[in-house]
Every structure is written in C-alpha cells, then in structure tokens.
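Each chain gets a letter, A, B and so on, in the order the sequences are listed, and its residues count up from 1.
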Number of protein chains: 2
Amino acid sequence: MPPNSPRDAIRGAATELFARDGYAGTTVRAIAAAAGCDPALVIRHFGSKEALFLATVPASTELARILAGPVESLGRELVGFVLGASESRVAGVYRAMLSASDRPEIKERLRASMHDVFVGPLADRIGGAYPELRARLVAAQFAGLINAYWLVADPVLRNADRSATVELYGDAIQRLLDSDDPP
Amino acid sequence: MPPNSPRDAIRGAATELFARDGYAGTTVRAIAAAAGCDPALVIRHFGSKEALFLATVPASTELARILAGPVESLGRELVGFVLGASESRVAGVYRAMLSASDRPEIKERLRASMHDVFVGPLADRIGGAYPELRARLVAAQFAGLINAYWLVADPVLRNADRSATVELYGDAIQRLLDSDDPP
DNA sequence: GTCTATACGCTGATAGAC
DNA sequence: GTCTATCAGCGTATAGAC
C-alpha cells in the first residue's frame with residue numbers, strides 16, 4: 001500500500017471533513033474536491049458514503065490506555081480526557097457518529113465500539129455487583145459529557161472552572177466504579 | 001385556529017415521522033403524504049423543513065413536574081422517567097434532535113431548551129457550591145442515559161434489571177445534586 | 001486496473017397559475 | 001390557499017477513455 005495513494009487521500013480528506021461538518025453536512029463531492037479526484041472515485045473505492053465514514057473511525061488508543069489505568073482514579077481521568085480531547089480527534093469523530101446515528105449501521109458501530117473499547121474491558125476490572133451494567137452506565141456518563149461539552153458546547157460547561165468539573169463529574173462517575181455495595 | 005386545519009395535520013404528521021425516522025430520514029414529501037396534502041404546502045406553511053421540525057418540539061410538562069419535586073429523591077426519579085418514557089414522546093423528540101444536531105439552529109434549540117426546562121430551574125433548587133455547573137452536569141448525565149437507552153439502545157442496558165439501573169445511575173446523579181461538600 | 005464523464009432518481013425549495 | 005412545474009444539489013451506478 002503506497003503512502004500517497006488516492007485511497008489514503010480520500011480517507012484523509014473525509015476524516016477531516018466529517019469531523020468538521022458532521023455526516024450530513026459533508027458531501028461526497030466535497031470529499032472528492034479536497035482529495036483532488038472525481039466524486040465517482042470516492043464511491044468506487046469505498047462503496048458508499050456510509051462505508052467511507054465507517055472507515056474513518058479510528059481506534060482510540062489513548063482511551064484504552066486510560067481505561068487500563070488504576071480504577072480508583074478512573075472517574076477524574078476520564079473527565080480530564082474529555083475536557084482536553086481537542087487535540088485528539090475523539091470529539092470530532094464522536095460528534096460525527098452521533099450526528100449520523102439514525103443510520104442503523106452507524107448506530108450499531110457506535111454501540112459496538114463503545115462495548116469493545118469501553119464496557120467490556122472496564123467490566124472485567126471492577127468488582128461488586130452488576131459489573132457490566134455499571135460499566136455501561138459509566139459509558140453513558142462519559143458520552144453524556146462529550147455530548148454536552150463538544151456537541152452542544154454548552155457555555156455553562158465551557159466557561160466553568162475545569163478542575164471543578166473534573167472533581168464533580170469525576171466523583172459522580174467514580175461512584176459507579178466503586179463497589180462498596182453489600183452483596 | 002380551527003382544530004382540523006391542514007397546518008395542524010402537517011405538524012401532527014411531522015411530529016410522528018421525525019420521532020420515528022429521525023430528521024434526515026424524514027422527507028418533506030413523506031410528511032405531505034401523511035398529512036394528505038401537497039409537499040409545497042409544507043414548506044409554504046412552515047418556511048422550511050428545519051423550521052417545521054423546531055415547531056414540533058414540545059415543552060415537556062412531565063419533566064418539569066419531576067424537576068419541581070423533592071430534591072433528595074430526584075436522581076432516581078429522573079432515571080425512572082427515562083426508562084419509562086416510551087409512552088411520552090420525550091425519547092423520540094430527543095433522538096430526533098440529536099440526529100439533527102449538526103444544524104446550528106437545532107443544536108442551539110437543544111441547548112436552550114435544556115437550559116430553560118432543566119438547568120435553570122434545577123440550579124435554583126440545589127444548594128452548595130457551583131449550583132449551575134452541577135445542574136448542567138446532571139443534565140449531561142440525563143442526556144447520556146437517554147442516548148444510551150433510547151438512541152443507541154444498548155442491549156446491556158435494555159436487558160438489565162430496571163430497578164438496579166434506577167438505583168445505580170440514580171445515586172450517581174444524586175451525588176451531584178447533594179451539596180455535602182465543605183465550603 | 002484507474003480514473004472520468006455522464007446520467008438517474010432522489011432531496012428541499014421556489015415561482016406562478018388556478 | 002392550494003397545486004403544478006421546475007430548480008439546483010445530493011448519493012450513486014455505469015459506460016468507456018487512458
């Protein structure tokens with residue numbers, strides 16, 4: 001696979017545009033123009049716009065690294081990751097996936113990747129009752145924060161003291177991680 | 001305003017279709033067909049598809065009632081509301097709004113209604129430090145649960161014991177509501 | 001094999017005749 | 001007020017040039 005192949009150029013342009021303009025806001029023609037090729041080539045290489053989008057979704061290694069860290073400080077770590085995620089592409093990708101989530105295949109991919117990188121590994125590491133349910137609820141909190149901070153971009157959150165957000169929301173997540181319930 | 005006016009027929013059909021098929025999945029022509037009129041009439045009455053969508057977003061009285069209830073049991077009340085929201089239209093509307101949230105005006109409406117019916121009233125009712133920030137974070141948890149349960153429809157959540165979800169996630173919300181932090 | 005040109009059936013939206 | 005005709009743009013498929 002040559003590094004400068006048109007296939008990579010298309011995927012690179014698509015990654016950028018999807019993250020910036022969302023799924024519906026990005027046209028196949030715009031991707032082709034940014035990649036310097038014909039629109040038909042985009043479809044020819046990836047089959048469909050939806051398949052191209054799914055090919056741009058990366059495997060977040062940084063998130064996996066955090067989830068593999070110490071459980072007792074995971075809540076605040078996760079919040080810190082979300083608030084500082086501008087450099088990585090996690091926010092844009094998640095935003096694009098949510099914006100396209102009426103498509104069944106994209107919704108399924110969203111669910112599957114959430115389960116594979118988040119719920120599954122986390123459920124294995126926390127004790128107590130209902131580990132998988134609790135891991136999934138932590139993922140719900142996590143997605144809720146990304147949603148509020150990056151997608152809705154609520155000013156209350158954006159202007160708030162960052163360390164206060166980390167402490168407050170981090171501890172609320174931590175409550176679901178700690179297994180202090182009686183059996 | 002006559003009760004059986006075509007304007008109401010259009011809005012009624014649009015409300016149903018948007019909730020069922022999402023924003024992008026609902027066409028103006030399908031709305032017109034369901035309302036028994038011409039597609040051009042839909043645009044002529046509401047200006048645009050986006051304006052029609054915004055006109056279908058209701059003011060949730062049930063949620064406002066819960067938020068006005070006792071704060072000490074609000075966490076579990078909110079979770080119970082989300083899990084049982086199939087009868088009301090809250091889930092479908094939220095789902096449709098999220099699916100259309102790359103449109104700036106719809107995103108802004110999502111933020112504004114979240115603030116007006118949720119964050120604002122709640123911030124006035126909870127004590128302690130950072131009341132507005134904490135109320136906004138509760139809203140983030142709330143949206144995260146709707147997202148996971150109704151939009152992603154994660155099987156882990158859908159098959160989980162309902163009362164366990166209410167207790168676990170409700171208590172995680174409650175942690176943000178209670179103001180037991182030192183000043 | 002890789003790419004371009006062209007076209008098809010859809011979309012949301014507009015202008016103007018009844 | 002309501003419908004007809006029509007627009008430009010969309011994702012996509014295919015035929016055929018290099």
*Rounded to whole angstrom units, what separation is found between the CD1 atom of I31(A) and the P atom of dG9(D)?*
18 Å
*Kindly indicate whether the side chain of R29(A) and the base of dG11(D) share any N or O donor-acceptor pair separated by less than 3.5 Å?*
yes
*Carefully, step by step, assess S113(B) and V57(B) under the rule side chain to side chain contact (heavy atoms under 4.5 Å, CB included).*
CA-CA 10 Å; S113(B) 75; V57(B) 178; 5.6 Å; no
*Send over the distance from R103(A) CZ to dC10(D) P, rounded to a whole Å.*
15 Å
*Could you tell me whether the side chain of V93(A) reaches within less than 4.5 Å of the side chain of P58(A), counting heavy atoms only?*
yes
*Quick one: E105(A) CD to dG11(D) C1', roughly how many Å, whole number?*
15 Å
_Pair K107(A) + D102(A): basic N to acidic O under 4.0 Å_ = no
*If you count the non-hydrogen atoms of other residues, nucleotides and ligands that lie under 6.0 Å from CD in E16(A), is the total more than 12?*
no
*Measure from NZ on K49(A) to C1' on dG9(D) and round the result to the nearest Å.*
12 Å
*Take atom CG of D21(A) and atom P of dG9(D), then tell me their distance rounded to the nearest Å.*
17 Å
*Starting at CD of E50(A) and ending at P of dA13(D), how long is that distance when rounded to a whole Å?*
13 Å
Between the protein and nucleotides 1-3 of chain D, which nitrogen or oxygen pairs come in under 3.5 angstrom?
residue, atom, partner, partner atom, Å
dT2(D), OP2, H45(B), NE2, 3.4
dC3(D), OP2, D38(B), N, 3.3

*asked:* Assigning hydrophobic clusters by single linkage (Ile, Leu, Val, Met, Phe, Trp, Tyr; side-chain heavy-atom cutoff under 4.5 Å), is L137(A) placed with L67(A)?
replied: yes
*I43(B) CD1 - dA15(C) P separation (whole Å)*: 13 Å
*Does F18(B) have K49(B) sitting over its ring (NZ/CZ under 6.0 Å from centre, angle to axis within 45°)?*
no
